[in-house]
Amino acid sequence: MDKLRAWAKRLKRQLFALYLAARRPDTPWYAKATAAAVVAYAFSPIDLIPDFIPVLGLLDDIVLVPLGVWLALRLVPDAVLRECREEAERRLAEGGRKPVSRVGALFVCVVWIVCAAALAWWAIRRL
């Protein structure tokens, strides 16, 4: 259990560093876009797949977020990432809170609305 807690803490620090990297002007646009998308989803208060759904509910937290973090970390230049990690460590040590992504929550809501509309359209056509 301690290994899992340590992994989650490292992931939180990496996400915060990516959040900082996405806001820097010296980060390439493709790395910014990837980091912003991963951070927006990870910090969103709403999950794409709700956690109460067995197995699938935890899939995004256990698989999708770490894969997105891995990809974004590969795209951000090493010098930028090093500075952002130091800044993230400093802010977290000072008791900084993780940001909440309203954009990520909005994205998840839009996905759910589109899926519901598609399902309704399919059901109506079957009648």
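When reading the values below, keep in mind they use all heavy atoms of this one structure, side chains included, and skip hydrogens, waters and symmetry mates.
Scanning both residues, Ala21 and Val76, for their nearest heavy atoms gives CB-CG1, 4.1 Å. Here the shortest heavy-atom pairing between Val80 and Thr27 reads CG1-OG1, 3.5 Å. The heavy-atom pair separating Val69 from Leu11 by the smallest distance is CG2-CD1, 3.8 Å. In plain terms, the two heavy atoms of Ala17 and Ala88 that are nearest each other are N-CB, 3.9 Å. Closest non-hydrogen pair, Phe43 versus Tyr19, comes out as CE1-CB, 4.3 Å.
If you take SG on Cys84 and CZ on Arg23, they are separated by 11.5 Å, rounding to the nearest 0.5 Å. Residue Arg10 holds its CZ atom at 13.0 Å from CG of Leu15, rounded to the nearest 0.5 Å. Of the inter-residue distances, the one linking Arg13 atom CZ with Leu18 atom CG reads 14.5 Å to the nearest 0.5 angstrom.
Under a cut-off of 6.0 angstrom, the local environment of CZ in Arg90 is crowded, with over 12 non-hydrogen atoms contributed by other residues, nucleotides or ligands.
Under the 4.5 Å side-chain heavy-atom criterion for Ile, Leu, Val, Met, Phe, Trp and Tyr, Leu106 and Val114 are members of the same hydrophobic cluster. By the criterion of side-chain heavy atoms lying less than 4.5 angstrom apart, applied directly or through intervening Ile, Leu, Val, Met, Phe, Trp or Tyr residues, Val111 is not grouped with Trp122; the two fall into different hydrophobic clusters. Leu71 is connected to Trp29 through a chain of hydrophobic side-chain contacts under 4.5 Å among Ile, Leu, Val, Met, Phe, Trp and Tyr, so both are in one cluster.
Side-chain contact between Lys32 and Leu75 is absent, with no heavy atoms from C-beta onward closer than 4.5 Å.
Within the structure, the salt bridge (charged side-chain N to carboxylate O under 4.0 Å, His left out) test picks out the following pairs touching residues 74-86 (sequence neighbours left out): Arg24-Glu83.
Residues forming a salt bridge (charged side-chain N to carboxylate O under 4.0 Å, His left out) with Arg126 (at least two apart in sequence, or on another chain): none.
In this structure, Trp121 shares a hydrophobic cluster with no other residue, the cluster being traced through Ile, Leu, Val, Met, Phe, Trp and Tyr side chains under 4.5 angstrom apart.
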